[in-house]
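Written out below as structure tokens is the structure these notes cover.
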Amino acid sequence: MARFFSNHERLRLVGFVAAILFFLTGNTVDASSPFANWAAVVVSGDWHAHDGAPSEIFDNARRDVTHNLETLGFSRNNIEEISARPGSWPLATPRAIREALWNVSDRAKAGCLVYFSSHGSPDGILVGDYILEPYGLARILNASCGDRPTVVVLSSCFSGVFVPTLAAPHRMIITAARRDRTSFGCGQTDRYPYFDQCVLSVWPYADSFAALARAAQICVAAREKREQIGPPSQPQLWVGADAATEIPRWR
């Protein structure tokens, strides 16, 4: 015998089907995205402002950079987030970064991206209780990503110190400051460091990581001039010969 559904039952059935379709399609990445098979690790290396007080600035940057990577077509399954905040898992250490990048790059083999937001020193970048030095990061990248196209973003004071060691034909290196300069925006009342703020604000208008870096340079310089702080941080962009053609544009 045929069964007739009431209007209420029809609406429930339609809603159920719509929910299933969303589950099946809404959580997948567009396979046509050039970043669908890229590995990414996004790190907030500290949870304190420059005065030592607790702060969300670096975790805010980590969270929102991750969101933007997903909008570019990075698969959420291929993005690892690491924070220095107590209770986080994995907790930020150089070993945790090495293991995360090793694991995710074993799944996603097209390219690599690592993004750090933290305090820095002339010796390297703060990761939890450790200073990750340029040669340490180079070993991590070499072991996990080899000669795949790789984007490295380092948002910290003195982060230009990484460029000479990390420079390779397949890499693009973006830093928040020259090797002998501080960067700004690490106070308790800041939402993000200035460099991360600029990266996030210009992201919707860029069509590639190189364009993103250049626009962020202009944004940072304008803000530092407007607020009369200095000497200027002078964010850096270094692009290897192969990286210039191998790292995809996104439109």
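Screening Ser118, Ser121, Pro94 against Ile131 for a side chain to side chain contact (heavy atoms under 4.5 Å, CB included) leaves a single residue, Ser121.
Following chains of ILVMFWY side-chain contacts shorter than 4.5 Å, one can reach Val41 starting from Val127, so the two form part of one hydrophobic cluster. Transitive grouping of hydrophobic side chains (ILVMFWY, heavy atoms separated by less than 4.5 Å) keeps Val43 and Trp47 in distinct clusters. Taken together through direct or relayed side-chain contacts under 4.5 Å among Ile, Leu, Val, Met, Phe, Trp and Tyr, Ile173 and Ile140 form part of one hydrophobic cluster. Residues Leu166 and Val42 fall into different hydrophobic clusters, defined by Ile, Leu, Val, Met, Phe, Trp and Tyr side chains chained together at heavy-atom separations under 4.5 Å.
Taking Ser156 as the reference, nothing meets the side-chain hydrogen bond (donor to acceptor under 3.5 Å, both in side chains) condition, with sequence neighbours excluded. Every residue meeting the side-chain contact (heavy atoms from CB on, under 4.5 Å) condition with Glu99, not counting sequence neighbours, appears here in chain and number order: Arg95. Partners of Lys109 according to the side-chain contact (heavy atoms from CB on, under 4.5 Å) rule, which considers only residues two or more places apart in sequence or in another chain, are Asn37, Asp106, Arg148. For Glu246, there are no side-chain hydrogen bond (donor to acceptor under 3.5 Å, both in side chains) partners two or more places apart in sequence or in a different chain.
Note that NE2 of His170 is 6.0 Å distant from CG of Asp147, once rounded to the nearest 0.5 Å. Between Ser233 atom OG and Phe158 atom CZ the span is 11.0 Å, to the nearest 0.5 Å. Atoms CD and CD, on Gln217 and Gln234 in that order, are 9.5 Å from each other to the nearest 0.5 Å. Ile82 contributes atom CD1, which lies 8.0 Å from atom CZ of Phe116 (distance to the nearest 0.5 angstrom). Note that the OG atom of Ser44 and the CG atom of Leu126 stand 11.0 Å from one another [nearest 0.5 Å]. The OH atom of Tyr115 sits 13.5 Å away from atom CD1 of Ile79, with the distance rounded to the nearest 0.5 Å.
Two residues are said to be in side-chain contact when any heavy atoms from C-beta on lie closer than 4.5 Å; Arg85 and Asp59 meet this criterion. Arg223 has its side chain out of reach of Phe184: every pair of non-hydrogen atoms, C-beta onward, lies at least 4.5 Å apart. Looking at Val153 and Phe195, their side chains come closer than 4.5 Å, going by heavy atoms from C-beta outward. Under the 4.5 Å side-chain criterion, counting only non-hydrogen atoms from C-beta, Arg171 is in contact with Leu141. With a 4.5 Å cut-off on side-chain heavy atoms, Leu101 and Cys145 count as touching.
Formation of a donor-acceptor pair under 3.5 Å by the Ser183 side chain with backbone atoms of Cys157 is found in this model. Checking side-chain atoms of His119 against main-chain N and O of His48 turns up a donor-acceptor pair under 3.5 Å. Between the side chain of Ser159 and the backbone N or O of Ile125, no donor-acceptor pair lies under 3.5 Å. Here the side chain of Trp250 pairs no donor or acceptor atom with the backbone of Pro34 at under 3.5 angstrom. Here the side chain of Arg181 pairs a donor or acceptor atom with the backbone of Pro232 at under 3.5 angstrom. Using a distance-only test at 3.5 Å, with no hydrogens or angles considered, no donor-acceptor pair links the side chain of Arg62 to the main chain of Ser83.
Residues Trp38 and Leu113 share a closest heavy-atom pair of CE3-N, 4.2 Å. For Pro164 against Arg179, the heavy-atom pair with the smallest separation is CG-NH1, 3.6 Å. Nearest heavy-atom pair, Trp238 versus Ala168, reported as atom, atom and distance to 0.1 Å: CZ3-O, 3.1 Å. In this structure, Val161 and Pro122 approach most closely via the heavy-atom pair CG2-O, 3.5 Å. The heavy-atom pair separating Gln188 from Ala49 by the smallest distance is N-CB, 3.7 Å.
Within the structure, side chain to side chain donor-acceptor pair (under 3.5 Å) contacts touching residues 122-135 (residues at least two apart or in different chains) do not occur.
Asp207 and Arg251 are not joined by a salt bridge, as no carboxylate oxygen comes within less than 4.0 angstrom of a charged side-chain nitrogen. With respect to the salt-bridge test (charged N to carboxylate O, under 4.0 angstrom), the residues Glu56 and Arg63 do not qualify.
Annotation for Phe58: hydrophobic cluster partners, listed by chain and number, are Ile57 (ILVMFWY side-chain heavy atoms under 4.5 Å, direct or chained).
Counting non-hydrogen atoms of neighbouring residues, nucleotides and ligands closer than 6.0 angstrom, the CH2 atom of Trp203 exceeds 12 such neighbours.
A distance below 6.0 Å separates the ring centres of Phe209 and Phe35.
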